[in-house]
> 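Have a look at this one before I ask anything.
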Amino acid sequence: MLGLSALLAACGSSSKSGSSSVSSSTSSASGTPKKGGNLVFARSVAPTTLDPANTIIAGDIYTLNQIFEPLFITNPDGTLAPWLAKSFTTSTDHLTWTFALRPGVKFSDGKPLTADDVVFSIKREAANTVGPLSFLDFAIKSVTAKGSSTVVMKLKTPWAPFESDMSVFANAILPANFGGKSEKAFFQSPVGTGAFTLSSWTPDSNLTLKPNPGYWQPGKPYVDSVAINYVTDDNQRVLQVTSGQAQIADSIPPANVASLKSNGAVNVSEFPAWQVDLLVFNEQVAYFKDVHVRRAITYAINRPGLVQAASFGSSKPGGSFFPPSLEYYDAGTPVLAYSVANAKAELAKSAYPHGFSTKLLVSGGDQTYSEFAQIIQSDLAKIGIKVSITTLDHAAFESTFQKYDYDMFIDYAINDISDPDEMASFETDYKSGGSKSYWSSYDNPAVISLVHEAEAEFDTTKRKALYAKIQAQVAQDAPFVALDYPPYIYATSKKVNGFAVNPGGAYRLADVWLD
């Protein structure tokens, strides 16, 4: 998925290298970009911190992509592109990676980007005990500066996903030592290399960005300001974009797509996603520690019917916990397909053959998940499992399931990088994946061993076979149910040009202009 070609001639023996070209991070827009205008973005999730290393558990990561940037980014087509790094090489044993920084890049305070900034930032994230994505930097043994524009990273072990790991938002580059400020003071007024800087912010609420006048891509950004407003209710976001109060709205409910497409002032876009909606079981609860219960529930949920009823056909029914758009997805995964008879037979093998009562946790304001919950409630009643639904606001919802104070919950998993290791590790590697298998407590040593083997394998054919085994075993163990594979659905004003979302969910507002 890399699509990188040119060699870095200055370094020694290498088996792999990256180019210095910058790929466009948006789809092409008609006409010549125009300067000016104030962009209003209605977002379903608000940032609760401005630290990119911690935002996986604290809100909106995509807003912070406008302020901070990593060494590589993922384009809308899913390919990797060099960003703050212009090129790289690896040694033949895959243990030494050398990155050449892009010349002329400055932080928003005018200070130049240096190798010391990269060393500080990567070391900080690798040692991070708060952000669950620090496991992506597990393989790093050392990070050193070689002059002001070259960074050398030595690994403990060969690590196939490493280049892709360097593109994750948590590995964004900050000024060394926070530019001489305390960590707290820095994130109250952060400095990054991104196209925008912070103008104002209310935690858990609205945020305003202004252009970075020294941004390294000449002429960008195009807009004069970006107001990102936290609008948790789906209907309100739709209303704001149709009324002109906002120019972009995210997480558009599938039920609204048809009517929005008939609105002459609005465009609706469905972007391919490395995303899967999951019904997660808490294996710390006795019912769900029983594999037969988990398998019975998986059989009992009519995923094709659920997708048609709740997503109006915009999503694809779930199977593997890898989405079809993700590299190494295996369409032949032996999933537990819908069958009430098989569900009843599986439940009969469990310690609870006559069923039981349980709770399902969902985030409020999300129409699709609310409908999923009601359909699941109805499907499980057919096999004697009574489900009560608990709805919490999004912040309370996340803190509740991350404390394991739940029986089942519905949420989505996104692969933020082009390599599938993040999804495999985060959802199945109980010991080192960063979330104890997506807070399910699923712990299968055989699966963990396969995940680690795939991380060290550079042969793509062998990696494909390993990930097929992982998907097959997880499908049989059923630690969660892959409900569906949805696209990212956005509504934008007809005035908006250059907006695109990559499969990991990220977008770069530097390329957006208003007609």
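In this text the structure is predicted, and so the values were computed from the model without any measurement.
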> Hey, is the main chain of D77 close enough, under 3.5 Å, to the side chain of N75 for a donor-acceptor pair?
no

> Check whether S121 reaches the backbone of V118 with its side chain - one donor and one acceptor, N or O, closer than 3.5 Å.
no

> Are E283 and R294 ion-paired here, with the side-chain N under 4.0 Å from a carboxylate O?
yes

> Write down the atom of D137, the atom of I122, and the distance for their closest heavy-atom approach.
OD2-O, 4.3 Å

> With a 6.0 Å cut-off (strictly less than), is the heavy-atom count around CZ of F187, excluding the residue itself, greater than 12?
yes

> Answer yes if the side chains of S164 and S418 hold a donor-acceptor pair under 3.5 Å, and no otherwise.
yes

> Supply the atom-to-atom distance I410 CD1 to E371 CD, rounded to the nearest 0.5 angstrom.
11.0 Å

> Taking side chain as C-beta onward, heavy atoms only, is L361 less than 4.5 Å from T400?
yes

> Can you find a heavy atom in the side chain of E422 that is under 4.5 Å from one in the side chain of F135?
yes

> If you measure only the distance, is there a donor-acceptor pair under 3.5 Å linking the side chains of N54 and T49?
no

> Drop me the distance from E163's CD to T90's OG1, to the nearest 0.5 angstrom.
9.0 Å

> Do side-chain atoms of S378 reach the backbone of I375 as a donor and acceptor pair under 3.5 angstrom?
no

> Please set out all donor-acceptor pairs under 3.5 angstrom arising from side-chain atoms of residues 477-488, sequence neighbours excluded.
from, atom 1, to, atom 2, distance (Å)
D477, OD1, Q473, NE2, 3.0
D477, OD2, Y442, OH, 2.5
D477, OD2, N444, ND2, 2.7
D477, OD2, Q473, NE2, 3.4
D484, OD2, S315, OG, 2.9
Y485, OH, G319, N, 2.8
Y485, OH, S320, N, 3.0
Y485, OH, S320, O, 2.6
Y488, OH, P503, O, 2.7
Y488, OH, G505, N, 3.2

> Would you call the rings of Y404 and Y406 parallel, tilted or perpendicular, taking 30° and 60° as the class edges?
parallel

> Quick check: closest heavy atoms across V266 and A491, and the distance to 0.1 Å?
CG1-CB, 4.0 Å

> Distance-only, no hydrogens or angles: does the T368 side chain make a donor-acceptor pair with backbone N or O of P253 under 3.5 Å?
no

> Going by atom types alone, do D250 and S44 pair a side-chain donor with an acceptor below 3.5 Å?
yes

> Do any N or O atoms from the side chain of S339 and from the backbone of N342 form a donor-acceptor pair under 3.5 angstrom?
yes

> Walk me through it: do V280 and W439 pass the test side chain to side chain contact (heavy atoms under 4.5 Å, CB included)?
CA-CA 8 Å; V280 182; W439 295 277; 5.9 Å; no

> Rounded to the nearest 0.5 Å, what separates atom CG in N415 from atom OG in S325?
9.0 Å

> Could you check whether Y338 and D379, counting side-chain N and O atoms only, form a donor-acceptor pair closer than 3.5 Å?
no

> Is the closest side-chain heavy-atom distance between N282 and F409 below 4.5 Å?
no

> For residues I301 and L306, determine if any side-chain heavy atom of one lies less than 4.5 Å from a side-chain heavy atom of the other.
yes

> Nearest heavy-atom pair of A42 and V231: which atoms, and what distance?
CB-CG2, 4.1 Å

> Which heavy atom in D416 sits nearest to a heavy atom in G504, and how many Å separate them?
OD1-O, 4.1 Å

> Is E183 paired with R124 through a side-chain N to carboxylate O contact shorter than 4.0 Å?
yes

> Could you check if a side-chain atom of M423 sits within less than 4.5 angstrom of a side-chain atom of T428, using non-hydrogen atoms only?
no

> Could you go through the side chain to side chain contact (heavy atoms under 4.5 Å, CB included) check for T298 and R303 one step at a time?
CA-CA 9 Å; T298 305; R303 282 167 277 179; 3.6 Å; yes

> Would you please test E427 and V474 for side chain to side chain contact (heavy atoms under 4.5 Å, CB included) and show each step?
CA-CA 10 Å; E427 295 182 42; V474 171; over 6 Å; no

> Find out whether Q476 and L336 are in side-chain contact, i.e. whether some heavy atom of one side chain is under 4.5 Å from a heavy atom of the other.
yes

> With no hydrogens and no angle check, just 3.5 Å: does a side-chain donor-acceptor pair link H452 and D429?
yes

> With a 3.5 Å cut-off and no angle check, do the side chains of D60 and T63 form a donor-acceptor pair?
yes

> Between D234 and Q367 (side chain of the first, backbone of the second, donor and acceptor by atom type, cut-off under 3.5 Å), is there such a pair?
yes

> What heavy-atom pair brings D411 and Y438 nearest, and what distance separates the two atoms?
OD2-OH, 3.3 Å

> Assess whether ring-ring contact (aromatic ring centres under 6.0 Å, His included) is satisfied between F499 and Y507, documenting all intermediate values.
CA-CA 7 Å; F499 178 73; Y507 44 79; 5.5 Å; yes

> How close do E457 and R463 get, heavy atom to heavy atom, and via which atoms?
O-CD, 2.8 Å

> Quick one: does any side-chain atom of S311 pair with a main-chain N or O of P254 as donor and acceptor, under 3.5 Å?
no

> Does any donor atom in the side chain of D421 or S425 lie under 3.5 Å from an acceptor atom in the other side chain?
yes

> For W159 and I140, what are the C-alpha separation, side-chain angles and deciding distance, and is it a side chain to side chain contact (heavy atoms under 4.5 Å, CB included)?
CA-CA 9 Å; W159 194 259; I140 296 176; over 6 Å; no

> Looking at CD of Q471 and CZ of F321, how far apart are the two atoms once the value is rounded to the nearest 0.5 Å?
6.0 Å

> Between CD of E69 and CD1 of I173, what distance do you get to the nearest 0.5 Å?
10.0 Å

> How about V276 and F322: do any of their side-chain heavy atoms sit closer than 4.5 Å?
no

> With a 3.5 Å distance limit and no angle check, can you tell me whether S449 reaches the backbone of A446 through a side-chain donor-acceptor pair?
no

> Does NZ or CZ of K156 fall inside the cone over F138's six-membered ring, less than 6.0 Å from its centre and within 45° of the axis?
yes

> Short question: side chain of D290, backbone of Y352 - any donor-acceptor pair under 3.5 Å?
no

> Between F356 and I385, is there a side-chain heavy-atom distance shorter than 4.5 Å?
yes

> Distance from Y62 atom OH to L509 atom CG, nearest 0.5 Å?
13.0 Å

